[in-house]
Amino acid sequence: MAKLDLLAVALGLAALAGINLYLTVFVTGLAIHFHWITLAPQYESLEILGNPWIIAIAGILYFLQFFADKIPWVDSIWDAVHTVIRPIGGALLAIQVLGHASPPYTVVVALLAGGTSLIAHTAKAATRLTANTSPEPFSNVGLSLGEDAAVLGGLALIHANPLVALTVFLVGIAAFFYFAPKILRAMKTKTWLAWKKINLPAYSKRTATLPIIIPAKLAPIFARENVLGATIAWAVNCVSGRGRGSPSNLFGVLVASTEEPRKLIFVARKGRRPYARTIDLDGFVINHEPSFLSENLVISPAKGRGPKYSFIFPRSDTALVEQIVQYLRARESALQEQIPAESASPLG
């Protein structure tokens, strides 16, 4: 039981270090230095954290992070810098908790602790990266304060009951692995969009020609969907957005055909599996909605409730998105004009 408690404290501190390393060390050091807590004999190795120099350095670094964490994009740069620092810090904290344990046990716990810190750090960084797409700063401030509160609450729980704390952290890690594919896809999308925006051409409103070539790795997926052999009108690379029953943040291609004017097909790969979605445009309206990082093609019901689809393009593709919207609206208008003409025909 004593070893299990040690493992719980080691991994618990590592998880909290992955969220906020400096606050974890700073508060733990203060609690030890001012005797707010009494260390049990097996945790005497943690007394080093009560050293005034360690407390001062951790406090200064936390002071810097306190403000960096609340500024959009600065927080993501800070997280990128700490991708290595936090896991190493978490592993060192875990080693310090163990004291003079056997070398093999120390190495195993250090690896587990470093992995735990990396998981917590990745979840934090992905959440921040997603929040940074919003132009308002309040979400960053709220997330930062929430993370600090979680660290303080986690430290209190570790002190009160290490095994309960370990259970909570394990549940959190399991949840991370369950949502990891979605989190990593979101990180990839936001990073790609940010990179595209940074490298935005000086004149991005130039006239665009809609491409008709489907990438080779996606061509077989479209071929399976295109059973009638329809002619491609255009095929534009994009990322899937939120939609009912549709996974988001898939890099793929949106395709329109000449023979089926009221349908679009989105093809992509979800991991190693092919993914295809056919969208029937009957009763839908097409809109172009720009945002901070992206240009969004939104397909929503004209009346009442129904499925809503969105497709994400980099800011450099503004002209392409406008071309798509104009093309779809013009084609819909032509179809609407064709219906009365057919009904007025003597053969109709």
Side-chain angles (χ1 to χ4, degrees), residues 18-21 65 68-88 114-115 117-144 146-147 173 175-202 204 215 217-218 236-243 246-254 266-273 275 289-298 309-321:
I19 300 173
N20 194 325
L21 172 62
Q65 177 164 324
D69 250 6
K70 294 170 178 59
I71 304 173
W73 296 111
V74 173
D75 59 348
S76 290
I77 295 172
W78 184 272
D79 284 337
V81 172
H82 284 77
T83 300
V84 175
I85 296 174
R86 286 174 183 152
I88 292 176
S117 295
L118 182 60
I119 289 170
H121 165 77
T122 303
K124 167 191 166 75
T127 303
R128 288 309 189 87
L129 200 57
T130 302
N132 282 333
T133 57
S134 173
E136 46 78 25
F138 305 108
S139 55
N140 298 76
V141 174
L143 285 171
S144 178
E147 290 160 3
I173 290 172
F176 170 81
F177 279 111
Y178 179 78
F179 292 107
K182 294 182 179 180
I183 293 173
L184 296 177
R185 286 203 307 266
M187 286 186 67
K188 180 181 178 182
T189 299
K190 303 305 179 186
T191 304
W192 178 69
L193 291 173
W195 178 255
K196 286 285 191 178
K197 183 177 175 66
I198 291 171
N199 293 278
L200 186 69
S204 59
K217 64 178 181 179
L218 299 177
V236 181
N237 294 323
C238 62
V239 180
S240 61
R242 292 180 180 178
S246 299
S248 57
N249 298 305
L250 294 182
F251 284 74
V253 60
L254 189 64
F266 176 74
V267 294
R269 285 196 175 275
K270 188 179 179 183
R272 294 183 178 181
R273 294 175 298 166
Y275 174 83
E289 298 179 4
S291 64
F292 179 68
L293 277 183
S294 62
E295 303 290 333
N296 305 305
L297 179 70
V298 180
Y309 306 95
S310 65
F311 297 95
I312 302 168
F313 301 79
R315 292 300 301 268
S316 54
D317 284 351
T318 302
L320 276 179
V321 180

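Computed from heavy atoms alone, side chains included, the values below leave out hydrogens, waters and symmetry copies.
In this structure the side chain of Phe313 never reaches within 4.5 angstrom of the side chain of Leu320, judged on heavy atoms. Counting heavy atoms from C-beta on, the side chains of Arg185 and Pro247 come closer than 4.5 Å. Two residues are said to be in side-chain contact when any heavy atoms from C-beta on lie closer than 4.5 Å; Leu297 and Leu254 meet this criterion. Between Ser291 and Asn296 the shortest side-chain heavy-atom distance falls below 4.5 Å. Contact annotation: the side chain of Phe177 approaches that of Ile119 to within less than 4.5 Å [non-hydrogen atoms, C-beta and beyond].
With hydrogens and angles ignored, the 3.5 Å screen pairs a side-chain donor or acceptor of Thr83 with a backbone N or O of Asp79. Between the side chain of Ser144 and the backbone N or O of Lys70 there is no donor-acceptor pair closer than 3.5 Å. Between the side chain of Lys197 and the main chain of Phe292, a donor-acceptor pair closer than 3.5 Å is present. Listed for the Arg86 side chain is no donor-acceptor partner under 3.5 Å among the backbone atoms of Ala120. Remark: the backbone N or O of Trp73 is paired with a side-chain donor or acceptor of Asp75 at under 3.5 angstrom. Looking only at distances, no side-chain donor or acceptor of His121 sits under 3.5 Å from a matching main-chain atom of Ser117.
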Exercise for the section: For side chain to side chain contact (heavy atoms under 4.5 Å, CB included), just list the numbers for Trp78 and Arg128, CA-CA rounded to whole Å, side-chain angles, deciding distance to a tenth of an Å, and then say yes or no. Expected result: CA-CA 11 Å; Trp78 184 272; Arg128 288 309 189 87; over 6 Å; no
Handout entry: From CA spacing to verdict: side chain to side chain contact (heavy atoms under 4.5 Å, CB included), Phe251, Thr189
Key = CA-CA 8 Å; Phe251 284 74; Thr189 299; 3.7 Å; yes
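Across all non-hydrogen atoms, the minimal contact from Lys124 to Ile19 is CD-O, 3.2 Å. For the pair Ser240 and Ile312, the tightest heavy-atom approach, listed with the atom from each and the gap, is O-CD1, 4.0 Å. Here the closest heavy-atom approach between residue Arg315 and residue Leu293 is recorded as CG-O, 3.2 Å.
The aromatic rings of Phe266 and Phe311 sit tilted, their planes meeting at an angle between 30° and 60°.
Taken from CD in Glu147 to CD in Gln65, the straight-line distance is 8.0 Å, to the nearest 0.5 Å. Taken to the nearest 0.5 Å, the CD1 atom of Ile88 stands 11.0 Å off from the NE2 atom of His82. Ser76 OG to Asp69 CG: the interatomic distance, rounded to the nearest 0.5 Å, is 9.5 Å. The structure places CG of Asn249 at 9.0 Å from CZ of Arg242, a figure rounded to the nearest 0.5 Å.
Side chains of Ser316 and Lys196: a donor-acceptor N/O pair is absent below 3.5 angstrom, by distance only.
When the side-chain hydrogen bond (donor to acceptor under 3.5 Å, both in side chains) test is applied to Thr122, no partner is found at least two apart in sequence or on another chain.
The local environment of CZ in Arg269 is crowded, with over 12 non-hydrogen atoms from other residues, nucleotides or ligands closer than 6.0 Å.
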